[in-house]
Amino acid sequence: MNEKNLYQPDMIEPKWQAYWEEHGTFRQYDREEKYYVLDMFPYPSGAGLHVGHPKGYIATDVLARMKQIQGKAVLHPMGWDAFGLPAEQYAIKNKIHPRIAVEENIGTFKSQLAKIGFTYDWEREINTTDPKYYKWTQWIFLQLWKAGLAYESHEPINWCSSCKTGLANEDLEQGKCERCGSEVEKRPLRQWVLAMTKYADRLLYDLDTPLLEWSPSIKEQQRNWIGRSEGAEVVFSVVDTEEQVRVFTTRVDTIFGCSYVVIAPEHPLIQKQAEKIQNLSLVEKYREQAKNKTELERTELSKEKTGVLLEGIQVVHPFTNTHLPVYVADYVLATYGTGAVMGVPAHDERDYEFAEKYNLPITTVIEECVVTEGDRDDAYQPAEETVTRENVAIALYNPKTESFLTISWKAFVMKGVVTGGLEEGETLEDCARREILEETGYKNVRFVGTSDIKKHTKFFHRGKKVNRHAIWNFAFFELVDEAREEMSIEDQSQHEVVWVEKKKIKDYFTVAEARFAVELFLAHETKKALTGDGILVNSGEFSELSSVEAREKMIVWLEQEGLGQKKVNYKMRDWTFSRQRYWGEPIPLIHCADCGVVAVPENELPVMLPEVESYEPNDSGESPLANILEWVNVSCPECGKEAKRETNTMPQWAGSCWYYLRYIDPTNSTALVGKEVEKKMMPVDVYVGGTEHATRHLLYARFWHKFLYDQGVVSTIEPFMKLVNQGLILASDGRKMSKRWGNVINPDEMVGEFGADAFRLYEMFMGPFTQSIAWNTDGLMGTRRFLEKVWRLQEKVVNNTDTSQQVVNSLQMTIKKVALDIEEFKFNTAISTLMILVNTLEKETEVSRETFETLLVLLAPFAPHMTEELWQKMGHKESLFLATWPEFHPEKIIEGEVTLAVQINGRVRGEVVVAKDTDEATVREMALKNEKVKPYLEGKEVKKVIVVANKIVSIVVA
RNA sequence: GGGCAGGUGGUGGAAUUGGUAUACACGCUAGUCUUAGGAACUAGUGCUUCGGCUUGAGGGUUCGAGUCCCUCCCUGCCCACCA
């Protein structure tokens, strides 16, 4: 090969990057069908990019380039999420203004990205810190405020003393500040809050919109975060007062087991009834301790539950009217539900632990019940009459053989243990002995004991043709010796007695009561509190109802009596939206002594972030903006009197809540997005980013989007249709890339050494896109070698030449697979298919121009620079990215012969080569006569031959 | 403790209506060539006691299982006293 024709990416790549920018190759917005592919825009941090960052960007770029060649109007933008603590922290540390730092960092990021060759439309670049942008962030806030969805609150919130700002719940990680890892304390603070819980149900239920193609894991994380639970609020009135304690419970069916009530240390009852509390100083001491604990300490799982009895206070159980004690305990969270719970030790593990420690009564009011359901002849028929019977189920164990006695019925499939109906006045032991003797004949059994746990089953009694509700008692025996009495003919004909080993017993039974008997005997019932649903006992008129029925009926009763109501609670809280920091969007409100809180008029937006001498945060609970009097002091827009600006700023997540809308119409000065273009471009077809945004950005953005939908600003209920989460690129040592470990690999160096195309190809070839994989520069060398191979192929290109059928087949398969795989983010297999095609072409002496150009188009999304160069060398004047994507022609694939494996008893013993679609009989003959197969058939009888057309022949011999 | 994802050669990984497990690439071995480079090319590369054995372990269904069913083990991520 001559010198001039070497593959030199450093010569090719900058040339085409400039060409595309200059010619606006990727601004084909007039095309009819749109395709919006979006990356999560980055923080322009001071550290610059490492090789992990561009992985997602390359993926969207590959997709964008393919869609462009496929004729779509592709929108593939990029911007900067530059407000917020990290940018500010960086600026403080390096003693420069955040604005300057952000500008510098954006410069670094952009130059790093430019080298990789993205199709980003920089005319649509967005920067959340640009006043022209945050004008609209402020505008949205005002609409939220006008709609009553932004409100001022003085509740205690999470305060990070190191970052010196309030934080939202979403900003905590294991109870610590997500930014700096400091413990977070509770601090009462004036703050602005967005009523996100008003959208909780829509945020939850719209996750099930069929078109929302998100990973199950992210959907589940959002569901858990929203944490919807249905239950009831129940009133416990305080004895001798007008006071009430309202508790929230999802298990109102267990209320007859409630033996005390617990309130959170912050609960107002303590202050209101202080004079009645006889041990007030002790209670106050406990509250003080609780207050000083961090959220983390309070919720530590290993921690033993503590609490203090409120002496002198009692509450009335709404159903039984008995008086119950009240405890204050910090395992009850003030911020969830009503800050008070009912203690039902028998059916809640936390309550059980607490009750054991403080010697509180543990009353069982729910018993497990197994209802036979489904398509079987003993399934319970809810419509039919039910007969209730008290029974005993017997576990009889033979220690010598480690076996249990079981009974197997003959008339139908039923494997169980000895059981019987309990007669009037009979003890469990007597009844059990009688049944063992009658049903099995064993005489010498030793009584071991009974269980105080009862269980229930509901089924259709096949013998008696009636629904049966069986209440099971359990009795346990051991076999002393084998002595047996003769069983009656009747009993013998009905069932047989089988001893089953302990090891195998678990899966042996077909009826629940037998399983229970054995489990209870083996003491597998270790759980102290029965937390599942079941059947009610000891619950007055509600006894015998199922948990589900009881919940309904009890709530109806409570509502009638005015003692409670149905209630839905969420784990998700309203969004604490103000930060006491400088580097964020100013909240566009004004406080006037006369008019209260007043909106900044829309025509005065944006409220510009003022220049300030010191933007360092402080402990005052106000932002540094509060010190700039000439900015703070304004006249009230309504009455004109002296007033003050709101000095809190918005959290870093504000700008990213709607940025995808601004890309569509970035320069619109009259609306955040024009209605026409919004309709054309939304929703985002594919959104790519990391999983770390599952419960913040992705939840916040969905919330704002739904609000904007309600306001008529956007036309879709969800912003992002398909969401793909890339896996990390780890360092070669398997750890995360981090300055701390000194294992960071810089993309600039890799691109410089191997070229952008090899780099792009490698990142896509490493493995499944969503998986985390360690970096390996040797692999990058491999993709570079592949590109060299493609480069050399150009020498074999001939204008008119016959193309072998093998090449045609390979090419067609590649056309089909590359497009499918890119669409599904299976880039690694798309590339391996291209490699196989290139390996095939390499073996040919000549390659037709058509074949080669098809290869270039298929490869172009991954290696745009080299393919564009070769495309030009093939004589094209226009960009490859304005060419058309090859169509898949299945009819061109002609497979003359196929190879079928021949299996004998499941093992491959030979193969036959036949014309495609040869009939079964012929294939069968050929397989049986095959030289390699014959020896295995010698002296054996061929029982069966299965021929799967064009795939396999399976011979069964004996 | 709960949820989700996953476990296949020396390595990253392929394989979907169940049909020849290990495609593609890296690495390694031997050779060819050489203006001596992380080059290119050729051949080989799961294990093996050469009978066979192999997809975390064990069982099941099937002519046939990485793929379906049951039991168990392990890893990663997320959530975690939410009543």
Side-chain angles (χ1 to χ4, degrees), chain A residues 1 173-175 215-221 223-225 227-229 231 247-252 254 262 264 298-303 305 329-333 335-344 347-351 353-354 506-507 531 569-573 691-692 694-695 725 727-728 753-754 761-762 765-768 770-786 788-789 792 826 828-836 838-839 842 899-911 943-957:
Chain A
M1 191 182 294
E173 224 168 58
Q174 320 266 297
S215 75
S217 146
I218 297 276
K219 284 190 182 182
E220 203 51 33
Q221 280 184 52
R223 285 192 196 104
N224 290 341
W225 191 265
R228 182 183 205 273
S229 53
V247 307
F248 174 73
T249 177
T250 55
R251 289 300 305 276
V252 69
T254 66
V262 194
R298 272 180 63 166
T299 58
E300 199 85 60
L301 252 188
S302 52
K303 199 198 71 155
K305 298 194 186 349
D330 66 4
Y331 80 89
V332 174
L333 306 174
T335 46
Y336 184 75
T338 56
V341 301
M342 61 183 202
V344 185
H347 304 294
D348 183 284
E349 282 169 57
R350 295 155 301 182
D351 296 344
E353 195 191 317
F354 193 78
K506 218 168 143 193
D507 299 321
T531 56
N569 257 310
Y570 302 93
K571 279 203 261 185
M572 185 176 79
R573 307 291 148 76
T691 48
E692 68 273 20
T695 50
N725 304 108
L728 297 173
E753 215 168 328
F754 300 94
L761 210 46
Y762 172 62
F765 184 61
M766 287 176 82
T770 54
Q771 200 168 305
S772 294
I773 299 169
W775 179 267
N776 175 12
T777 307
D778 283 340
L780 176 51
M781 192 59 227
T783 53
R784 168 64 186 256
R785 269 202 285 266
F786 166 68
E788 307 256 11
K789 274 191 202 175
R792 282 197 303 273
K826 289 152 97 179
N828 54 332
T829 51
I831 293 167
S832 89
T833 308
L834 286 164
M835 286 172 166
I836 294 169
V838 169
N839 290 346
E842 218 187 7
T899 307
L900 285 86
V902 182
Q903 288 185 337
I904 294 154
N905 288 351
R907 289 187 187 156
V908 179
R909 297 299 190 186
E911 49 186 38
K943 291 225 159 186
K944 205 174 185 183
V945 180
I946 294 156
V947 179
V948 182
N950 301 323
K951 278 193 175 150
I952 206 164
V953 183
S954 186
I955 302 169
V956 187
V957 299

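So that the names make sense, note that chain A is the first sequence line, chain B the second, and so on, each numbered from 1.
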Quiz item: When you compare B:G59 with B:C4, how far apart are their P atoms, in angstrom units rounded to a whole number?
Solution: 28 Å
Self-check item: C1'-based separation of B:U20 from B:G3 [nearest Å]
Solution: 39 Å
Exercise. Find the partner of B:A21: check Watson-Crick (N1-N3 plus N6-O4 or O6-N4) and G-U wobble (N1-O2, O6-N3) distances, both under 3.5 Å, and reply none if neither fits.
Key: none
Quiz prompt | Pairwise P distance for B:U55 and B:U11, with rounding to whole Å | solution = 16 Å
Quiz item: How should the glycosidic conformation of B:G51 be described, syn or anti, under the criterion that syn lies within 90° of 0?
Solution: syn
Quiz item: Of the candidate nucleotides B:G27, B:C81, B:A83, which contains the atom at the shortest distance from the side chain of A:Lys305?
Solution: B:C81
Quiz item: A:Leu834 has an atom CG; how far is it from atom P of B:C24, in whole Å?
Solution: 14 Å
Quiz item: Between A:Ile952 (CD1) and B:G19 (C1'), how many Å, whole number?
Solution: 4 Å
Quiz item: Does a nitrogen or oxygen in the side chain of A:Asn828 sit under 4.0 Å from OP1 or OP2 of B:A14?
Solution: yes
Quiz item: Choosing from B:A14, B:C63, B:A25, which nucleotide comes nearest the side chain of A:Lys789?
Solution: B:A25
Self-check item: Donor-acceptor pair present, A:Lys943 side chain and B:C63 base, under 3.5 Å
Solution: no
Quiz item: With distance as the sole criterion, is a donor-acceptor pair present between the side chains of A:Lys789 and A:Asn839 under 3.5 Å?
Solution: yes
Practice problem: Check the distance between B:G27's P and A:Trp775's CH2 and give it to me in whole angstrom. | Solution: 14 Å
Quiz item: When the P atoms of B:G10 and B:A23 are considered, how many whole Å apart are they?
Solution: 14 Å
Quiz item: B:G13 phosphate, OP1 or OP2: any side-chain N/O from A:Gln771 under 4.0 angstrom?
Solution: yes
Quiz item: On RNA chain B, nearest-nucleotide positions of A:Thr338 versus A:Asn839: which is more 5'?
Solution: A:Asn839
Exercise. Give A:Glu842 one of three labels, base, sugar-phosphate or nothing, depending on what nucleic acid heavy atoms sit under 4.0 Å from its own.
Key: sugar-phosphate
Self-check item: Atom pair distance, as rounded to whole Å: NZ in A:Lys219 and P in B:C77
Solution: 24 Å
Quiz prompt | Base-pairing assignment for B:U45 (Watson-Crick or G-U wobble, both under 3.5 Å) | solution = B:G27
Quiz item: Can you tell which of B:C24, B:U20, B:G52 lies closest to the side chain of A:Thr899?
Solution: B:U20
Quiz item: Honestly, is A:Lys305 close enough over A:Phe354, meaning NZ or CZ under 6.0 Å from the six-membered ring centre and within 45° of the axis?
Solution: no
Quiz prompt | Paired nucleotide for B:A5 [Watson-Crick or G-U wobble; both distances under 3.5 Å] | solution = B:U75
Self-check item: Length of the CZ-C1' vector between A:Phe765 and B:G12, whole Å
Solution: 8 Å
Self-check item: Gap between atoms CZ and C1', on A:Arg228 and B:C79 respectively (whole Å)
Solution: 20 Å
Quiz item: For the side chain of A:Val956, counting heavy atoms from C-beta on, which of B:C63, B:C78, B:A80 is nearest?
Solution: B:C63
Practice problem: Compare the minimum distances between each of B:A14, B:C41, B:U20 and the side chain of A:Pro768, then state the nucleotide with the smallest one. | Solution: B:A14
Exercise. Compare side-chain N and O positions of A:Arg792 against OP1 and OP2 of B:C41 and report whether any pair is under 4.0 Å apart.
Key: yes
Quiz item: Just how far, in rounded Å, is C1' of B:A80 from NZ of A:Lys571?
Solution: 7 Å
Practice problem: Would you mind reading off the distance between A:Ile904 atom CD1 and B:C63 atom C1', rounded to a whole angstrom? | Solution: 12 Å
Exercise. Measure from the side chain of A:Tyr336, starting at C-beta and using heavy atoms only, and say which of B:A83, B:U20, B:G13 lies closest.
Key: B:A83
Self-check item: Nucleotide nearest A:Ser217 when distance is taken to its side chain, options B:A83, B:C4, B:G12
Solution: B:C4
Quiz item: Of the nucleotides B:A15, B:A14, B:C63, which one has an atom closest to the side chain of A:Lys944?
Solution: B:C63
Quiz item: So, are A:Arg223 and A:Glu220 salt-bridged, with charged N and O less than 4.0 Å apart?
Solution: yes
Exercise. Classify the side chain of A:Ser954 and the base of B:C63 as holding, or not holding, a donor-acceptor pair under 3.5 Å.
Key: yes
Quiz prompt | C1' atoms of B:G44 and B:A36, separation to the nearest Å | solution = 25 Å
Exercise. Return the 5'-most residue of the pair A:Ala774, A:Thr833 with respect to RNA chain B, ranking by each residue's nearest nucleotide.
Key: A:Ala774
Quiz item: On a plain distance test, is the side chain of A:Glu220 in donor-acceptor contact with the base of B:G2 below 3.5 Å?
Solution: no
Quiz item: Are A:Met342 and A:Val247 side-chain neighbours, meaning at least one heavy-atom pair lies under 4.5 Å?
Solution: yes
Quiz item: Say you pick atom C1' in B:C74 and the same atom in B:C81; how far apart are they, in whole Å?
Solution: 28 Å
Self-check item: Interatomic spacing from CG in A:Asp348 to CZ in A:Arg251 - rounded to 0.5 Å
Solution: 9.0 Å
Quiz item: What's the spacing between A:Glu753 CD and A:Arg784 CZ if we round to 0.5 Å?
Solution: 9.5 Å
Quiz item: Quick one: which of B:G3, B:G19, B:G38 gets closest to the side chain of A:Arg785?
Solution: B:G38
Quiz item: Who is the Watson-Crick or G-U wobble partner of B:G51, with both distances under 3.5 Å?
Solution: none
Self-check item: Main-chain N/O of A:Ala264 paired with A:Asp330 side-chain donor or acceptor, under 3.5 Å
Solution: no
Exercise. Could you classify B:G60 for me, syn or anti, using a glycosidic angle within 90° of 0 as syn?
Key: anti
Exercise. In whole angstrom, give me the gap between the C1' atoms of B:A39 and B:C33.
Key: 11 Å
Quiz item: If the P atom of B:G13 is compared with that of B:A21, how far apart are they to the nearest Å?
Solution: 23 Å
Quiz item: Where the side chain of A:Val332 is concerned, which of B:G13, B:A40, B:A83 is the nearest nucleotide?
Solution: B:A83
Quiz item: Taking the side chain as C-beta and beyond, is there a heavy-atom pair between A:His347 and A:Thr531 under 4.5 Å?
Solution: no
